[in-house]
Amino acid sequence: NVFKNLMISSGSNNITFKRNLFLGNSNPDKWWRMLWLLRDTSVTIINNTFSEFDMAAGYSESEPSHIIGIMDMGESLDIDIRNNIFWNISDTTNACVISNPDGSDLNIEYNNIQGGSDEVYGEHFWGSGNINEDPLFTDSENGDFTLQLGSPSIDAGDPNSPLDSDGTRADMGAFEAVQELTVYSGD
């Protein structure tokens with residue numbers, strides 16, 4: 001699935017966003033970009049690619065523009081963000097990748113986030129396996145967000161996630177990198 005517009009989820013339980021490509025710039029003048037989670041419980045954002053975002057300035061340091069905004073409005077949330085890639089994101093004043101101003105339960109592990117933990121606003125658990133390295137997309141300028149061999153996002157996902165289809169550790173991002181072994185007999 002490819003998403004280019006804001007999605008708002010409100011009052012839902014057990015939501016999973018998995019293996020999607022989220023592309024920015026459909027709302028160039030807005031300070032919110034892709035996902036707003038309002039009063040949702042048990043949300044998992046796993047193995048997605050978020051790219052091509054030109055961030056607009058937020059209203060203030062305490063109200064930054066964001067790609068994912070978590071607004072619990074006084075209700076408890078449990079948000080798990082893992083095995084994702086957030087890359088090709090232009091930075092500006094008062095902008096971040098993930099905004100959690102109300103202090104919802106937010107777990108961030110095994111992601112490739114351009115800018116690292118500085119791109120998360122508000123309370124969160126910055127767990128194991130997060131990196132800030134160019135994922136080496138094959139050709140993002142022409143819409144190919146698969147990973148080139150040698151990408152730091154290959155086999156870098158949560159080791160407790162299911163294996164990729166090629167039997168290797170989970171990759172980060174929406175698209176698996178299939179690693180094939182060719183054996184030559186020498187004849």
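Judged purely by atom type and a 3.5 angstrom limit, Ser151 uses its side chain to pair as donor or acceptor with the backbone of Pro135. Between the side chain of Thr49 and the main chain of Ala174, a donor-acceptor pair closer than 3.5 Å is present. The backbone N or O of Thr146 lies less than 3.5 Å from a partner atom in the side chain of Thr138, making a donor-acceptor pair. In terms of modelled atom types and a separation under 3.5 Å, the side chain of Asp166 and the main chain of Thr168 share a donor-acceptor contact. Here the side chain of Asn111 pairs no donor or acceptor atom with the backbone of Ile85 at under 3.5 angstrom.
Using a 4.5 Å cut-off on side-chain heavy atoms (C-beta onward), Leu106 and Glu123 make no contact. Side chains of Ile113 and Ile108 form a contact here, defined as non-hydrogen atoms less than 4.5 Å apart. The closest side-chain heavy-atom distance from Ile98 to Ile70 is below 4.5 Å. With a 4.5 Å cut-off on side-chain heavy atoms, Phe22 and Ile45 do not count as touching. Between Asp171 and Asp155 there is a side-chain heavy-atom pair separated by less than 4.5 Å. Annotation: side chain of Asn47 is not in contact with side chain of Glu176 (no heavy-atom distance under 4.5 Å). Looking at Phe17 and Ile68, their side chains never come closer than 4.5 Å, going by heavy atoms from C-beta outward. Within the 4.5 Å cutoff, side-chain heavy atoms of Asn132 are placed close to those of Trp87.
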TODO: Would you sort out whether Asn107 and Arg82 count as a side chain to side chain contact (heavy atoms under 4.5 Å, CB included), showing the intermediate values?
DONE: CA-CA 8 Å; Asn107 182 48; Arg82 70 181 59 240; 2.9 Å; yes

TODO: Might you work through the side chain to side chain contact (heavy atoms under 4.5 Å, CB included) test for Asp158 and Ile46, ending with a clear yes or no?
DONE: CA-CA 10 Å; Asp158 184 347; Ile46 185 168; over 6 Å; no

Open item on the list: Go through it in stages, so that I can follow the logic: the residues are Phe145 and Val2, the test is side chain to side chain contact (heavy atoms under 4.5 Å, CB included), and I'd like the CA-CA distance, side-chain angles, deciding distance and then a yes or no.
Closed with: CA-CA 11 Å; Phe145 292 89; Val2 178; over 6 Å; no

TODO: Could you give me the CA-CA distance, side-chain angles and deciding distance for Ser42 and Asn14, then say whether side-chain hydrogen bond (donor to acceptor under 3.5 Å, both in side chains) is met?
DONE: CA-CA 5 Å; Ser42 190; Asn14 299 317; 3.1 Å; yes

Task: Chi angles and distances behind the side chain to side chain contact (heavy atoms under 4.5 Å, CB included) call for Phe125, Asp105 - done: CA-CA 8 Å; Phe125 173 72; Asp105 184 13; over 6 Å; no

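If you take CD on Gln114 and OG on Ser90, they are separated by 8.5 Å, rounding to the nearest 0.5 Å. With values rounded to the nearest 0.5 angstrom, Leu21 atom CG is found 5.0 Å from Phe175 atom CZ. Remark: Ile131 CD1 to Met172 CE distance equals 4.0 Å, nearest 0.5 Å. Rounding to the nearest 0.5 Å gives a distance of 7.5 Å between CD of Glu109 and CG of Asn130.
Hydrophobic clustering of Ile, Leu, Val, Met, Phe, Trp and Tyr side chains at less than 4.5 Å, counting indirect connections, keeps Leu147 apart from Leu163. Clustering ILVMFWY residues whenever any of their side-chain heavy atoms sit less than 4.5 angstrom apart, transitively, puts Ile79 in the very cluster that holds Ile15.
The heavy-atom pair separating Asn88 from Ser140 by the smallest distance is ND2-OG, 3.4 Å. Residues Pro159 and Arg169 share a closest heavy-atom pair of CD-NH2, 3.6 Å. When every heavy atom of Pro101 is checked against every heavy atom of Tyr121, the shortest pair comes out as CB-CE2, 3.9 Å.
For the pairing with Ser153, the side chain to side chain donor-acceptor pair (under 3.5 Å) check across Asn84, Asn83, Asp134, Asn112 returns one residue only, Asn112.
If you check the side chains of Ser104 and Asp102, you find no donor sitting under 3.5 Å from an acceptor.
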